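What follows is a set of notes on a single structure, which appears directly below.
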Amino acid sequence: MPRWLKIILPLVLVAGLVAVSPLGKLIYLNVRADDPLLQQWQDYDTGRFAQAIESKADLLVQIYASWCPVCEAQHRSFQALEAKGQVPDAQLFRVDFDRHTDFLKQYKVTSTGQLLVFRNGALVTRGQGLVDENKILSFLEEASISVH
């Protein structure tokens, strides 16, 4: 076996093992780009969110991070719901867990993958780890958020 192959082969094997291991998924999640915003959603902005709270409208907030596997699964479920015409009848915000620390502190959010519902200017409920379309729809129904 050539010397260069003796050096390269173990590196390729290790890289392959890392790629298919949980560590590989963790590395991927930390370097992948954010999921694109769905049509009805908007990135959190302090001013726009304050206006929405003052309007007393129903709000649905997703606590999101690109490295969060729950967030990735939630995004796919919201994407599927949107494709079926099942969009929550509320103002929809996505809060970046790594950037919007002011929001996280104010509403005592300590983890990603949460959905928060605001009504009449106040936080009324939150759901954690909802990644299945039906569970998201059930959560919305319990929170009295209709879909259209």
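From a predicted model like this one, the values you see are computed outputs, not experimental measurements. Just so it is clear, the values below take in all heavy atoms, side chains as well, and ignore hydrogens, waters and symmetry mates.
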- Atom pair CD (Gln106) and NE2 (His100), whose distance is rounded to the nearest 0.5 Å: 13.0 Å
- Any salt bridge between Asp96 and Arg99, counting N to O under 4.0 Å? yes
- Item | Heavy-atom closest pair, residues Asn134 and Asp132 | N-OD2, 2.9 Å
- Message: On a heavy-atom basis, which atom in Leu60 and which in Leu115 lie closest, and how many Å separate them?
- Response: CD1-CB, 4.2 Å
- Task: Indicate, with yes or no, if Phe103 and Val124 share a hydrophobic cluster defined by side-chain heavy-atom contacts under 4.5 Å among Ile, Leu, Val, Met, Phe, Trp and Tyr.
- Result: no
- Single-linkage hydrophobic cluster Ile53~Val109, side-chain heavy atoms < 4.5 angstrom: yes
- Strictly by modelled atom types, are Arg48 and Gln42 linked by a side-chain donor-acceptor pair under 3.5 Å? yes
- Any side-chain heavy-atom pair from Phe78 and Val87 closer than 4.5 angstrom? no
- Please tell me if the side chains of Asp35 and Gln79 come closer than 4.5 Å, counting only heavy atoms from C-beta onward. no
- Query: Closest heavy-atom contact between Gly113 and Cys71?
  - Reply: N-SG, 3.5 Å
- Query: Do Leu92 and Leu116 belong to the same hydrophobic cluster, where Ile, Leu, Val, Met, Phe, Trp and Tyr are linked whenever their side-chain heavy atoms lie under 4.5 Å apart, directly or via other members?
  - Reply: no
- Message: I'd like to check Arg126 versus Ile63 (side-chain heavy atoms, cut-off strictly below 4.5 Å). Are they in contact?
- Response: no
- Answer yes or no: is there a donor N or O on one side and an acceptor on the other, between the side chain of Arg119 and the main chain of Ser144, under 3.5 Å? yes
- Got Asp98 and Trp67 here, is their nearest side-chain heavy-atom distance under 4.5 Å? yes
- Message: Taking salt bridge (charged side-chain N to carboxylate O under 4.0 Å, His left out) as the definition, give me every residue that meets it alongside Asp102, ordered by chain and number, with sequence neighbours left out.
- Response: none
- Task: Would you indicate whether the side-chain heavy atoms of Val95 and Phe49 approach each other to under 4.5 Å?
- Result: no
- Side-chain donor/acceptor of Gln128 to backbone N/O of Thr112, under 3.5 Å: yes
- Hey, mind stepping through Asp34 and Arg94 against side-chain contact (heavy atoms from CB on, under 4.5 Å) and telling me if it holds? CA-CA 11 Å; Asp34 287 349; Arg94 182 167 77 177; 4.3 Å; yes
- For residues Thr125 and Glu142, is any side-chain donor paired with an opposing acceptor at under 3.5 Å? no
- Is the gap between the ring centers of Tyr44 and Phe97 under 6.0 Å? no
- Message: Within the 4.5 Å heavy-atom criterion, are Val147 and Asp89 side-chain neighbours or not?
- Response: no
- Message: Quick one, Ser77 and Lys135 - any side-chain contact, counting heavy atoms below 4.5 Å?
- Response: no
- Same apolar cluster: Leu104 and Val61, side chain cutoff 4.5 Å: yes
- Query: Any side-chain heavy-atom pair from Ser55 and Gln91 closer than 4.5 angstrom?
  - Reply: yes
- Query: Do you see a donor-acceptor pair shorter than 3.5 Å between the side chains of Gln74 and Gln62?
  - Reply: yes
- Carefully, step by step, assess Phe93 and Trp41 under the rule side-chain contact (heavy atoms from CB on, under 4.5 Å). CA-CA 6 Å; Phe93 287 89; Trp41 291 77; 5.6 Å; no
- For Lys84, all residues meeting side chain to side chain contact (heavy atoms under 4.5 Å, CB included), sequence neighbours excluded: Gln86, Glu133
- Between Phe118 and Tyr107, is the gap from one ring center to the other below 6.0 Å? yes
- So Val117 and Leu123, side-chain contact (heavy atoms from CB on, under 4.5 Å) or not? Walk me through it. CA-CA 6 Å; Val117 173; Leu123 175 62; 5.8 Å; no
- When hydrophobic residues are tied together by side-chain contacts of less than 4.5 Å, even through go-betweens, does Ile145 share a cluster with Leu38? yes
